[in-house]
Amino acid sequence: SQVQAIEVKKVKKAKNMAFAFDIDGVLVHGDRLIPEGKRALEILNGDNELGIKIPHIFLTNGSGKPEKPRCDQLSSILKNPVSTDQFIQSHTPMSALSEYYHTVLVVGGVGYRCRDVAEQYGFKDVVVPNDIVAWDPSIAPYREFTQQEAAMSRPRDFTKCNIEAILVFSDSRDYATDMQIIMDLLLSENGRLTTKAKDPVSQRIPIYFSQGDLLCPTEHWYPRMSQGAFRIGLEAMYKALTGVDLERVVYGKPELATYKYADEVLTSWMSELHGEEKLPENIYMVGDNPASDIIGGNMYGWNTCLVRTGVFQGGENDENNPANFGVFPNVLEAVQTALRKEL
Ligand code: G3P
Ligand code: MG
């Protein structure tokens, strides 16, 4: 019948669309649910007129925890399943680097959590700044090192090992110590502490950052400095000390590599959901930060939806990076409008 024909058409269209959600400022604020986020996900998880699942992935610049516990935490806050197969946080694509480097310095995050993340990514020998402080406390003269921290660290003779790369995974909890150790390594001969490179460029080990956000909204009335600000500080110090620019690689939104990675994740998530390994034609990115979610989505040819529940506080649309699909009061409105357009 005609009704059935319309239904078949709609199902076909639904299978040709997908969503990429930013997390902070769209679905949650920290650990607090944004209620429209729960409803939006219920709709995409099958509570819609067609009764079918509409694929969606999560693309966040968040960091600092292994994927599995973070997804479990999000599932319980959002009251909807969040699988690691549909989840990309800032350092997720950095797991590929474990094939190239054996001994790495991993910087940032609470306690020793980022060591766990890196080990789960397959890095064989993960050093964190505390291991180096435990070996030689004088490296960080203003640092007060607690006994508990010392007990959990893994000191060794760092004059006998080369650190092959520096990976900043998450926000530094101690700029003074982390910047000092990173700078010591960047100025060393091939990552060997206590040496000084003759040539700052050819003997320098590479440095990677998991994301580039300058600011991050918190409970404070004005956003706090994030990894991007830490990186810019390091770059300026490096230039002042050596006279040359610091080459570096940045991951996360809005970097192209992260969107390419998202395509791969979405393609395999499509096959898990619809049994067909095919990238949908109509992808909607829902984000709150024009300078990361929206600019990245626009450049990548996605439909971009800017919501007012997070960083963006402006007028009709963002002036520098306007969302091409529109500005919405919240994620539910964005999802409903996209579904109305496509189906
Ligand atoms: O700025 C770091 C992080 O909190 C941003 O998360 O989900 O908005 O990309 P998200
Ligand atoms: Mg956000």
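We're numbering straight along the sequence, starting at 1. Remember, it's 1-based here, ligands and their atoms both numbered in the order they're listed.
In this structure, K239 pairs ionically with D245, as a charged nitrogen and a carboxylate oxygen lie closer than 4.0 Å. For R231 and E235, the salt-bridge test passes: some basic side-chain N is under 4.0 Å from an acidic carboxylate O.
Each of D125, D136, D131 was checked for a salt bridge (Lys or Arg N to Asp or Glu O under 4.0 Å) with R156, and the lone residue meeting it is D125. Just one of K53, K38, R39 meets the salt bridge (Lys or Arg N to Asp or Glu O under 4.0 Å) condition when paired with D47; it is R39.
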For residues 20-30, which side-chain N or O atoms pair as donor and acceptor with protein atoms under 3.5 Å away, sequence neighbours left out?
| from | atom 1 | to | atom 2 | distance (Å) |
| --- | --- | --- | --- | --- |
| D22 | OD1 | K253 | NZ | 2.5 |
| D24 | OD1 | G30 | N | 3.1 |
| H29 | NE2 | T309 | O | 2.6 |

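Annotation: side chain of Q211 is not in contact with side chain of F209 (no heavy-atom distance under 4.5 Å).
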Pairs under 3.5 angstrom, nitrogen or oxygen on both sides, ligand 1 versus protein: list them out, please.
| from | atom 1 | to | atom 2 | distance (Å) |
| --- | --- | --- | --- | --- |
| ligand 1 | 1 (O) | D213 | OD2 | 3.0 |
| ligand 1 | 4 (O) | D24 | OD2 | 3.4 |
| ligand 1 | 6 (O) | T60 | OG1 | 3.4 |
| ligand 1 | 7 (O) | D22 | OD1 | 3.2 |
| ligand 1 | 7 (O) | I23 | N | 3.1 |
| ligand 1 | 7 (O) | D24 | N | 2.8 |
| ligand 1 | 7 (O) | T60 | OG1 | 2.6 |
| ligand 1 | 8 (O) | D22 | OD1 | 2.8 |
| ligand 1 | 8 (O) | D22 | OD2 | 3.0 |
| ligand 1 | 8 (O) | D24 | O | 3.0 |
| ligand 1 | 9 (O) | D22 | OD1 | 2.7 |
| ligand 1 | 9 (O) | N61 | N | 2.8 |
| ligand 1 | 9 (O) | K253 | NZ | 2.9 |

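Taking a 4.5 Å side-chain heavy-atom cut-off between Ile, Leu, Val, Met, Phe, Trp and Tyr, the cluster of Y100 extends to M94, L97, Y101, V104, V106, V117, Y121, F123, V126, L167, F169, Y208, V249, Y251.
A side-chain N or O of Q227 and one of S210 form a donor-acceptor pair less than 3.5 Å apart.
For the Mg ion (ligand 2), protein N, O or S atoms closer than 2.8 Å were enumerated as D22 OD2, D24 O, D288 OD1, with waters left out.
Between F87 and F58, the angle of the ring planes lies from 30° to 60°, which puts this pair in the tilted group.
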